Undergrad: 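Can you keep this structure in mind? I'll have questions shortly.
A note on names: the letters A, B, ... follow the listed sequences, proteins ahead of strands, and every chain is numbered from 1. Given the structure is predicted, the values throughout are model-derived calculations rather than measurements.
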Number of protein chains: 2
Amino acid sequence: MPYDPSAFAPFAVTVDLVVLTVRRHALCALAVRRGEPPFQGRWALPGGFVRPDEDLSQGAARELLEETGLCAHDPDAPAQVNGAHLEQLATYGDPKRDPRMRVVSVAHLALAPDLPAPRAGGDANSARWAPVEDLLHQSGYGRDGEQAAPLAFDHARILADGVERARSKIEYSSLATAFCPPEFTVGELRRVYEAVWGVALDPRNFHRKVTGTPGFLVPTGGTTTRQGGRPAQLFRAGGATLLNPPMLRPEV
Amino acid sequence: MPYDPSAFAPFAVTVDLVVLTVRRHALCALAVRRGEPPFQGRWALPGGFVRPDEDLSQGAARELLEETGLCAHDPDAPAQVNGAHLEQLATYGDPKRDPRMRVVSVAHLALAPDLPAPRAGGDANSARWAPVEDLLHQSGYGRDGEQAAPLAFDHARILADGVERARSKIEYSSLATAFCPPEFTVGELRRVYEAVWGVALDPRNFHRKVTGTPGFLVPTGGTTTRQGGRPAQLFRAGGATLLNPPMLRPEV
DNA sequence: GATCATAGTCGTCTGCCTGACGATAAACAC
DNA sequence: GTGTTTATCGTCAGGCAGACGACTATGATC
């Protein structure tokens with residue numbers, strides 16, 4: 001990297017967040033409504049400028065805290081504090097992606113359990129959880145009759161990349177537990193997989209697989225009937241992060 | 001992403017390249033010697049500033065061409081032109097990673113077949129292929145008696161991340177063929193896996209696996225004896241990019 | 001209280017894939 | 001020819017996943 005001042009050009013650097021959760025059996029992402037041009041009034045991913053003295057992961061954690069109240073531990077390593085997992089996703093730097101100036105955005109992926117309604121500087125109307133299906137296919141209208149416009153900037157692409165990352169990563173890692181509360185049942189974990197992948201899984205084979213993978217789940221001893229039916233054992237996430245052999249995503 | 005001028009700060013944005021190849025049964029990376037401070041005389045990854053009018057992937061492809069002569073097709077999608085695969089790896093933005101100023105580096109990973117000695121602006125002494133083992137563990141001396149100093153900046157970390165990406169990605173994708181010439185034998189492909197993973201694989205089981213995976217390899221009809229022994233069939237990479245089920249990396 | 005619906009948990013069976021490894025084939029070196 | 005090297009085919013046993021039957025324990029309903 002030779003330092004050639006004639007080749008140097010200043011860029012603005014931002015972090016954008018793909019914050020995913022599972023609500024009502026659907027994979028949802030956090031979206032905020034833009035208050036100023038460009039794309040005023042359109043939905044976008046939360047994000048902001050990186051500050052001069054903070055690392056990219058620090059900036060992402062700060063934005064996550066500001067937008068959701070979630071606290072992410074050192075986001076450089078996989079983190080699980082206050083339920084939030086945060087990792088770098090990819091970087092987007094098309095010269096025309098922001099009409100105002102040259103902006104390079106380092107997107108991050110955050111996974112969180114189901115949360116209360118988001119806050120965005122106190123303005124409840126400017127942030128919401130939306131099913132990723134609705135955000136990505138802007139055909140038709142949302143549940144509340146509101147027309148679904150495409151996300152601002154290249155955020156649809158970023159969201160799609162984040163969703164794909166989450167879908168593939170729960171195959172071979174224990175990351176699906178990041179969508180669950182600290183204690184959860186096998187059935188709740190299965191519903192996470194079903195929501196993220198959009199498929200139905202056999203409860204018996206799923207139970208055999210996750211309870212048979214060493215280090216994936218540790219029983220807490222408690223039980224719950226919050227899902228109805230027979231009481232289910234409660235588990236916490238074990239120390240294992242990589243699943244070997246992986247969970248198999250059904251074909252088609 | 002509200003535009004708050006008080007929060008905006010200019011950054012320098014660079015691309016750094018982890019260019020990997022397999023030479024003499026070892027996974028090697030391209031390293032260039034730095035001509036100016038900081039880290040003058042130390043080895044570093046090739047890279048340079050992103051130009052104001054080019055995308056990140058374009059910048060990475062340009063640097064790759066300048067440093068190796070390799071031409072990478074649209075690097076946004078997985079590419080295979082002139083033998084080079086190029087993809088974005090990760091972005092590194094620690095405020096102190098470059099003592100001169102705030103530099104955010106978007107690292108890219110390139111995989112190439114064995115190439116002639118690298119050129120670096122005609123200065124043959126300032127670029128070389130080095131085994132990643134030597135570059136990452138700076139214990140002792142290199143093959144030519146030269147003391148191995150750590151890579152400049154945070155490039156050891158970047159290189160380690162790139163190597164880990166390559167090691168895991170050849171498990172579930174056909175990416176290992178990017179290390180091979182256009183036509184190759186099953187044995188040559190196996191030696192790629194062995195070099196990248198640093199393990200020995202059973203030739204019979206490997207042969208069964210790769211020839212039995214639909215779309216992985218397509219026979220060209222030719223044979224070769226360039227590896228000695230019985231003539232081996234020649235193959236080209238098939239259309240499949242994802243291997244399902246994946247190649248299994250042996251434990252330990 | 002009996003019945004039903006719901007959800008959880010344990011087993012069984014079959015087929016596929018992998019690892020271990022024997023055996024054969026086709027080139028080259030001497 | 002003999003030995004060496006590499007490629008390729010086959011066999012066999014163990015493990016794991018998909019399909020699915022059976023049983024259990026709760027709340028809801030009649």
Undergrad: To the nearest angstrom, how far is B:Asn244 atom CG from C:dC16 atom P?
TA: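 That distance rounds to 16 Å.
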
Undergrad: Got a donor-acceptor contact below 3.5 angstrom from the B:Thr185 side chain to the B:Glu188 backbone?
TA: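 Judged by distance alone, yes, a pair lies under 3.5 Å.
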
Undergrad: Donor-acceptor pair, A:Trp197 side chain versus A:Arg167 backbone, under 3.5 Å?
TA: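 Flag set: sc A:Trp197 to bb A:Arg167 pair under 3.5 Å.
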
Undergrad: Below 3.5 Å, does any donor atom in the side chain of B:Arg230 face an acceptor in the base of C:dA26, or the other way round?
TA: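 Counting by modelled atom types and ignoring angles, no donor-acceptor contact under 3.5 Å is found here.
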
Undergrad: Would you indicate, yes or no, if D:dA7 has its OP1 or OP2 atom less than 4.0 angstrom from a side-chain nitrogen or oxygen of B:Arg190?
TA: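 Checking B:Arg190 against D:dA7: at least one side-chain N or O falls below 4.0 Å of OP1 or OP2.
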
Undergrad: Tell me: CZ of B:Phe184 to P of D:dA7, nearest whole Å?
TA: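 It is 13 Å, rounded to the nearest whole Å.
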
Undergrad: For DNA chain C, whose closest nucleotide is more 5', that of B:Pro246 or that of A:Glu188?
TA: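 Looking at the nearest nucleotide for each, A:Glu188 comes out on the 5' side.
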
Undergrad: Taking CG from B:Leu248 and P from D:dG15, how many angstroms apart are they, rounded to a whole number?
TA: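 Distance, rounded to whole Å: 15 Å.
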
Undergrad: State which residue, out of B:Leu109, B:Leu89, B:Val132, B:Asp154, fulfils the side chain to side chain contact (heavy atoms under 4.5 Å, CB included) condition with B:Leu159.
TA: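 Output: one option passes, namely B:Val132.
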
Undergrad: Tell me, which of residues 205-213 of chain B have any heavy atom that sits under 4.0 Å from an atom in DNA chain D?
TA: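 Those residues are B:His207, B:Arg208.
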
Undergrad: To the nearest Å, give me how far apart CG (B:Leu201) and P (C:dT18) are.
TA: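 So the two atoms are 13 Å apart, to the nearest Å.
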
Undergrad: Within this structure, what is the CG-to-C1' distance between B:Leu189 and D:dA7, rounded to whole angstrom?
TA: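 My rounded result for the distance is 14 Å.
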
Undergrad: A:Asp161 and A:Arg165: salt bridge (charged side-chain N to carboxylate O under 4.0 Å, His left out), yes or no, with the steps?
TA: CA-CA 6 Å; A:Asp161 290 349; A:Arg165 168 83 66 97; over 6 Å; no

Undergrad: Please determine if B:Arg24 forms a cation-pi arrangement with B:Trp129, meaning its NZ or CZ atom is less than 6.0 Å from the six-membered ring centre and no more than 45° off the ring axis.
TA: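 Pair B:Arg24/B:Trp129 does not count as cation-pi.
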
Undergrad: Where the side chain of A:Asp202 is concerned, which of D:dC20, D:dT26, D:dT8 is the nearest nucleotide?
TA: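 Nearest to the side chain of A:Asp202 among the choices is D:dC20.
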
Undergrad: For B:Leu234 and C:dA26, give me the distance from atom CG to atom C1', rounded to whole Å.
TA: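 Whole-Å distance recorded here is 15 Å.
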
Undergrad: NA contact type, A:Arg226, heavy-atom cut-off 4.0 Å: base, sugar-phosphate, or nothing?
TA: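 Nothing, no heavy atom under 4.0 Å.
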
Undergrad: State yes or no: are the ring centers of B:Tyr193 and B:Phe206 separated by less than 6.0 Å?
TA: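 Distance test on ring centres: under 6.0 Å, yes.
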
Undergrad: Given 3.5 Å as the limit, does a donor-acceptor pair link the side chain of A:Ser174 with the main chain of A:Phe216, or not?
TA: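 Between the backbone of A:Phe216 and the side chain of A:Ser174 there is no qualifying donor-acceptor contact (under 3.5 Å).
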
Undergrad: How many whole angstroms separate atom CD of B:Gln233 from atom P of C:dA25?
TA: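 From B:Gln233 CD to C:dA25 P: 17 Å.
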
Undergrad: Spell out yes or no: do the side chain of B:Arg204 and the base of D:dG10 have one donor N/O and one acceptor N/O closer than 3.5 Å?
TA: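 No, no donor-acceptor pair under 3.5 Å.
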
Undergrad: It should be established whether B:Arg249 places a side-chain nitrogen or oxygen under 4.0 Å from OP1 or OP2 of nucleotide C:dT18.
TA: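 The answer is no; no side-chain N or O of B:Arg249 sits under 4.0 Å from OP1 or OP2.
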
Undergrad: Measuring from the side chain of A:Gln227 (C-beta onward, heavy atoms only), which nucleotide among D:dA7, C:dT9, C:dG8 has the closest atom?
TA: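 Within the option list, the nearest is C:dG8.
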
Undergrad: Separation of A:Glu171 atom CD from D:dA17 atom P, in whole Å?
TA: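 Checked: the CD to P distance equals 13 Å.
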
